[in-house]
Amino acid sequence: IEVQRGGTQTTVQDWPGRTGHWDVGVPPSGPMDDRSFRLANLLVGNPEGTAGLEITLDGPTLRFGSDTLVALTGAPVEAWLDENPLPAWESVLVPGGAVLRIGRTQGPGFRCYLAVRGGIGVPDYLGSKSTFTLGRFGGHAGRSLQPGDMLPVTPPDPDGPAARVRPEHRPQFSSEWEISVLSGPHGAPDFFTEEDIEIFFATEWEIHFNSARTGVRLIGPKPAWAREDGGEAGLHPSNIHDNAYAVGTIDFTGNMPVILGPDGPSLGGFVCPATIIEAERWKIGQLRPGDRVRFVPTTHEEARRRLAAAQAALGQLEFTTPTPP
C-alpha cells in the first residue's frame with residue numbers, strides 16, 4: 001500500500017499491543033478504540049489482533065498495489081474508493097491500483113480504523129507491531145504515516161469470507177457519554193472529601209482540546225481536597241509517592257483530571273479516584289474535544305459481566321458476499 005497522504009495522525013496498531021513491559025515504563029500502545037479495531041479485523045477474516053491502521057480526525061489517501069479485502073469501522077467518516085463511496089462496517093473488495101481516500105470525522109466519535117486482509121506487515125518490536133510515537137518505535141518507522149511510505153500487506157489475498165456488522169451490534173457513538181468506572185485506588189476521606197467524590201460522579205466533564213493518546217484531559221470543577229498538601233510527596237494535595245497507573249485510570253494532575261491512555265505513563269505521583277472498566281475502555285478513543293462525559297460507578301461483578309458480554313458481541317457478524325468496488 002502506497003501512502004499518498006498521511007492524514008492528521010495515522011498509525012499502525014495491533015491489539016492488545018505491547019504487553020509485558022509496563023513494569024519498565026513501556027506502554028502497551030495499541031488501538032484506543034479496541035472494539036472498532038477488532039471488529040474491522042474480523043470483517044476481513046483476520047485474527048482480531050492483526051495489525052491495522054488507526055486514523056485520527058482526518059484520514060489518509062492510500063493506493064493499493066494488489067487486490068485485497070478491507071473494512072472501515074469506528075467513527076462515521078466519508079471515504080471514497082476511486083470515485084465510489086466506501087461503505088463502513090462491512091468487507092469491501094479493493095482492486096489493485098485503486099485509491100482509497102478517507103476524509104474527516106465530523107462527529108460523533110473521533111477515530112476510525114482500517115483493516116486489510118492479512119494485516120500490515122511491519123516488523124515486530126518487543127513483541128508487537130503497535131506504534132509508540134513518543135518512543136519512536138514500532139509501527140512504520142516509529143511514527144505516523146507520511147506521503148511516500150510503502151506498507152507491506154501480508155499476504156495480499158482477497159479470497160475468503162466477507163461480513164458486515166449489523167447496526168445494533170456496532171459501538172454506539174455520542175457527544176454525551178456515560179462511562180462505567182470502578183472507584184479508587186485513591187478516594188475519600190484520605191485524599192478527597194466525600195463531597196468531592198459526589199461532585200466527581202455528578203459532573204458532566206468536558207473533553208479538553210489538548211488531549212492525545214497519552215491522556216484525555218477533562219474540564220470541570222476543582223476538588224476541595226481532604227488535606228492541605230501532599231506531605232512528603234509534594235506541595236499540592238493531589239501529590240502522592242509514585243504508584244502504578246492503569247490504562248483508563250482517571251488521574252488528577254493537580255486540579256485537572258486526565259484519563260490515562262494506552263501511550264500514557266506507567267506510574268506517577270498523582271491521585272486517581274476512579275478507573276474505567278475494561279469493557280468500556282474503547283470509549284476513550286472516541287472522545288472528541290467538546291464532548292461531555294459522566295462517570296458511573298459500578299461493581300467488579302458487573303464489570304466482569306459486561307466484559308463477557310462485550311466479547312460475545314464481537315462474534316455477531318453477518319457473513320455475506322464481499323461488496324464489489
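Along the sequence shown, residues are numbered consecutively beginning with 1. The basis for the numbers below is simple: all heavy atoms, side chains too, and nothing from hydrogens, waters or symmetry mates.
Side-chain contact, R306 with S180: a donor N or O sits under 3.5 Å from an acceptor N or O. Checked by atom type, the side-chain pair Q13/T11 shows a donor-acceptor distance below 3.5 Å. D251 and Y245 are linked by a side-chain donor-acceptor pair at a separation below 3.5 angstrom, with hydrogens and angles left out of the test.
The two residues A79 and L100 come nearest to each other via the heavy atoms CB-CD1, 4.5 Å. When all heavy atoms of T68 and V70 are compared, the closest pair comes out as CG2-CG1, 4.1 Å. Counting all heavy atoms, side chain and backbone alike, P189 lies closest to A226 at O-CB, 3.3 Å. A pairwise comparison of heavy atoms in A51 and V12 identifies CB-CG1, 4.1 Å as the closest pair.
Enclosure of atom CD in E83 is not indicated, since only 12 or fewer non-hydrogen atoms of other residues, nucleotides or ligands lie within 6.0 angstrom. More than 12 heavy-atom neighbours from other residues, nucleotides or ligands sit within 6.0 angstrom of CD on E204. The local environment of CZ in R294 is crowded, with over 12 non-hydrogen atoms from other residues, nucleotides or ligands closer than 6.0 Å. Heavy-atom neighbours of E302 CD from other residues, nucleotides or ligands within 6.0 Å: above the threshold of 12. Shown here is E2, whose CD atom has more than 12 heavy atoms of other residues, nucleotides or ligands within 6.0 Å.
With values rounded to the nearest 0.5 angstrom, S238 atom OG is found 7.0 Å from N255 atom CG. Rounding to the nearest 0.5 Å gives a distance of 12.5 Å between OH of Y113 and CZ of R35. Rounded to the nearest 0.5 Å, atoms CG (L218) and OG1 (T203) are 10.5 Å apart. If you take CD on E206 and CD1 on I219, they are separated by 4.0 Å, rounding to the nearest 0.5 Å. Between the CZ atom of R227 and the CG atom of D229 there is a distance of 7.5 Å, given to the nearest 0.5 Å. One distance of note links CG of L260 with OG1 of T214; it measures 9.0 Å at 0.5 Å rounding.
One finds no salt bridge joining R38 and D14 here, because no Lys/Arg side-chain nitrogen approaches an Asp/Glu carboxylate oxygen to under 4.0 Å. Salt bridge present: E54 and R213 bring a charged side-chain N and a carboxylate O closer than 4.0 Å. Ion pairing of D33 with R111 is absent here, as no side-chain N (NZ or NE/NH1/NH2) approaches a carboxylate O to less than 4.0 Å.
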| query | Could you walk me through whether T8 and T56 pass the side-chain hydrogen bond (donor to acceptor under 3.5 Å, both in side chains) check? | reply | CA-CA 6 Å; T8 302; T56 304; over 6 Å; no
| task | Could you give me the CA-CA distance, side-chain angles and deciding distance for T73 and C112, then say whether side chain to side chain contact (heavy atoms under 4.5 Å, CB included) is met? | result | CA-CA 6 Å; T73 63; C112 54; over 6 Å; no
| said: As a quick check of understanding, evaluate side chain to side chain contact (heavy atoms under 4.5 Å, CB included) for D67 and L93, giving each step before the final call. | reply: CA-CA 7 Å; D67 296 353; L93 284 169; over 6 Å; no
| Going through the distances and angles, do W225 and F191 end up as a ring pair (Phe, Tyr, Trp, His ring centres under 6.0 Å)? | CA-CA 6 Å; W225 299 107; F191 304 98; 8.8 Å; no
| Derivation and outcome, salt bridge (charged side-chain N to carboxylate O under 4.0 Å, His left out), residues R18 and D263 | CA-CA 10 Å; R18 192 167 287 105; D263 284 355; over 6 Å; no
| Hey, mind stepping through I207 and V216 against side chain to side chain contact (heavy atoms under 4.5 Å, CB included) and telling me if it holds? | CA-CA 7 Å; I207 305 304; V216 177; 3.8 Å; yes
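Proximity of V77 to R104: side-chain heavy atoms (C-beta onward) are nowhere separated by under 4.5 Å. Counting heavy atoms from C-beta on, the side chains of Q286 and M32 never come closer than 4.5 Å. At least one side-chain heavy atom of T105 sits less than 4.5 Å from a side-chain heavy atom of R288. Looking at heavy atoms from C-beta onward, T10 lies out of side-chain contact with S144 at the 4.5 angstrom threshold. Contact check for I240 versus H186: side-chain heavy atoms found under the 4.5 Å cut-off. Looking at R281 and V247, their side chains come closer than 4.5 Å, going by heavy atoms from C-beta outward. You'll find the side chain of F200 reaches within 4.5 Å of the side chain of W205, heavy atoms only. Under the 4.5 Å side-chain criterion, counting only non-hydrogen atoms from C-beta, S36 is in contact with F173.
Here V99 is tied to no hydrophobic group at all, with no ILVMFWY side chain closer than 4.5 Å. When hydrophobic side chains of Ile, Leu, Val, Met, Phe, Trp and Tyr are connected at separations under 4.5 Å, F110 ends up clustered with L57. If you chain together ILVMFWY residues whose side-chain heavy atoms come under 4.5 Å of each other, L182 ends up grouped with I277.
Distance alone, capped at 3.5 Å, places no donor-acceptor pair between the N210 side chain and the R217 backbone. With hydrogens and angles disregarded, a donor-acceptor distance shorter than 3.5 Å links the side chain of D242 to the backbone of G269.
Taking the ring pair (Phe, Tyr, Trp, His ring centres under 6.0 Å) definition, one finds that Y125 meets it with F137, sequence neighbours left out. For T50, the side-chain contact (heavy atoms from CB on, under 4.5 Å) criterion is met by N41, N46, P47, not counting sequence neighbours. Applying the side-chain contact (heavy atoms from CB on, under 4.5 Å) test to A98 and every residue at least two apart in sequence or in another chain returns L81, D82, V94, P95.
The only option from S128, P31, S130 that meets the side chain to side chain contact (heavy atoms under 4.5 Å, CB included) definition with W15 turns out to be P31.
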